[in-house]
Amino acid sequence: MVRLHFHAFVSSNLDLSDAQFHVLVNGYVALSNFSVGKVRDFVVKEYFIWADSDKIVINFVPAKKGNYGFVNAIEVISAPKDLIADVGFLVNGNKDEKFVGLTKQALETVHRINVGGPKVTPFNDTVWRTWIPDYEFLKSSNDLSKRMYFGGRIHYQIGGASREVGPDFVYKTARVITNTNGSVLNVNMTWEFPVDEGYKYLVRMHFCDIASISLGLIHFNVYVNGYLAYEDLDLSSITYTLASPFYVDFVVDDDSSGVLRVSVGPTNKTMAYGVDGILNGVEIMKMNNSMGSLGGKICAGMVLKSWPRGNIGVLVPFVAGLCLLLSLALVMHRRTVGMRNPVSWSKLPTEVPGVDLNHGNLHFSGKA
């Protein structure tokens, strides 16, 4: 697991918001023509990269001559082996297809949402992840594609849950559809998330039945991009107990709309006066394309060849005092990568204006 922290500020005569650069991680293009721009928030990019050796190589390459790259902090964390399963369900309209080889894909976290619950910070997650509340995600968006449709009565549920691939705070909260008049409502809950076109996505949906009073009372369908991804999901037949975490991994192509939709809703087996659907959390991860890139149709070799070695100047990685607060209590590894023409690393003279950390939201977006 690799996290890159960016925050643009003015240092001496250098305005970091003008930087434009590529980032390579172990031979994958993680970012292409990336620029933080003039935003006040911190930007965090998170990746899951398969490592075949005892080191991770991260390259920062200016997008063009006269430009530069920067990074405020780097985290390299050995992810638990069972965090990413190797097999997922392929959702494309055909049944019983599987996608094999997920662990060898480069993945970028695009959205990580705690449905119906509060924000989960790295201090409350076993691998220091941030989970954004679905209501905050929607409230902070000016993009009409980031919206959520609810049918039926929506309730905020709290209950007990054991720790699995998600933290307790994700499994202890949920949004559910319930019916109270004895008839099953023919409605779905649907969330829409903006994504980049031209990629496959790993969609992980987290479930925990904290709404039922006994086993066998909840049956519902799961949809991804309008396709039936899981028919008649009965959590009790899988977990054999209430309030037990369960997640499913789906692999889906984008539908060229720039929007990825996940839904839950009733089935023919849904019972009256029961729960018609439940969802606790959603994670959406972009998968590398055929070029080994998460940032467009450009491979690592093309990036390195575009910058002649004779023109390599001095890259200036740094960790500002401001960003040390961000990475407090996180497992940090910083490694200087030697090249044939070594690049010297030095600290920028920092002139950082006061920043209100209460307004510093972490953004996990595939948009550069």
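Along the sequence shown, the residues carry numbers beginning at 1.
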State the [atom1]-[atom2] distance between [X] and [Y], to the nearest 0.5 angstrom.
X	Y	atom1	atom2	result
N225	N92	CG	CG	11.5 Å
N288	Y28	CG	OH	5.5 Å
E75	L4	CD	CG	9.0 Å
I56	I74	CD1	CD1	11.5 Å
F21	F70	CZ	CZ	5.0 Å
T103	D86	OG1	CG	3.5 Å

What closest approach, in Å, do [X] and [Y] show between heavy atoms, and which atom pair accounts for it?
X	Y	answer
P118	P133	C-CG, 3.6 Å
I49	A106	CD1-CB, 3.8 Å
S17	A8	N-CB, 3.6 Å
A243	C208	C-SG, 3.3 Å
I278	A174	CG1-CB, 3.8 Å
Y171	N280	O-ND2, 3.4 Å

Contacts under 3.5 angstrom, residues 292-299 side chains, donor-acceptor by atom type, not counting sequence neighbours:
unit_1: S293; atom_1: OG; unit_2: G295; atom_2: N; d: 2.9
unit_1: S293; atom_1: OG; unit_2: G296; atom_2: N; d: 3.4
unit_1: S293; atom_1: OG; unit_2: G296; atom_2: O; d: 2.9
unit_1: S293; atom_1: OG; unit_2: I298; atom_2: O; d: 3.4

So [Y] and [X], do their side chains get closer than 4.5 Å, heavy atoms only?
X	Y	result
Q105	M285	no
V251	D249	no
L31	Y47	yes
L233	F246	yes
N33	H22	yes
V248	V222	no
T173	V115	no
R204	V165	yes

Test side chain to side chain contact (heavy atoms under 4.5 Å, CB included) applied to F250 and V262, step by step: CA-CA 11 Å; F250 303 105; V262 298; over 6 Å; no
Would you find a donor on one side and an acceptor on the other, under 3.5 Å apart, between the side chain of [X] and the backbone of [Y]?
X	Y	answer
D253	K200	no
N188	T190	no
S212	D209	no
H206	V282	no
N114	G281	no
H111	I132	no

F34 and F6: CA distance, side-chain angles, deciding distance, ring-ring contact (aromatic ring centres under 6.0 Å, His included) verdict: CA-CA 11 Å; F34 176 70; F6 301 97; 4.9 Å; yes
So, are R129 and E46 salt-bridged, with charged N and O less than 4.0 Å apart? no
Would you say [X] and [Y] are hydrophobically clustered, going by side-chain heavy atoms of ILVMFWY under 4.5 Å?
X	Y	answer
V252	V100	no
W50	V76	no
V87	F48	no

Tell me whether the count of non-hydrogen atoms from other residues, nucleotides or ligands lying under 6.0 Å of CZ in F169 goes above 12. no
More than 12 heavy atoms of other groups within 6.0 Å of Y199 OH: yes
F207/F220 under ring-ring contact (aromatic ring centres under 6.0 Å, His included): CA gap, chis, key distance, verdict: CA-CA 12 Å; F207 304 97; F220 59 97; 5.6 Å; yes
Step-by-step side chain to side chain contact (heavy atoms under 4.5 Å, CB included) determination, Y247 to E283: CA-CA 10 Å; Y247 74 91; E283 295 178 85; over 6 Å; no
Classify the ring geometry between F89 and Y230 as parallel (under 30°), tilted (30 to 60°) or perpendicular (over 60°). perpendicular
Are T267 and N221 close enough that a side-chain donor and a side-chain acceptor fall under 3.5 Å? no
Quick one: do the D232 and H219 side chains pair a donor with an acceptor below 3.5 Å? yes
How would you list all residue pairs meeting salt bridge (Lys or Arg N to Asp or Glu O under 4.0 Å) that involve residues 12-31, not counting sequence neighbours? D15-K38
What verdict does the side chain to side chain contact (heavy atoms under 4.5 Å, CB included) test give for L304 and L24, after you've listed the backbone C-alpha separation in whole Å, the side-chain angles of each residue and the deciding distance to 0.1 Å? CA-CA 9 Å; L304 294 175; L24 312 180; 3.8 Å; yes
Pair V203, V91 - check side chain to side chain contact (heavy atoms under 4.5 Å, CB included), show working. CA-CA 10 Å; V203 179; V91 181; over 6 Å; no
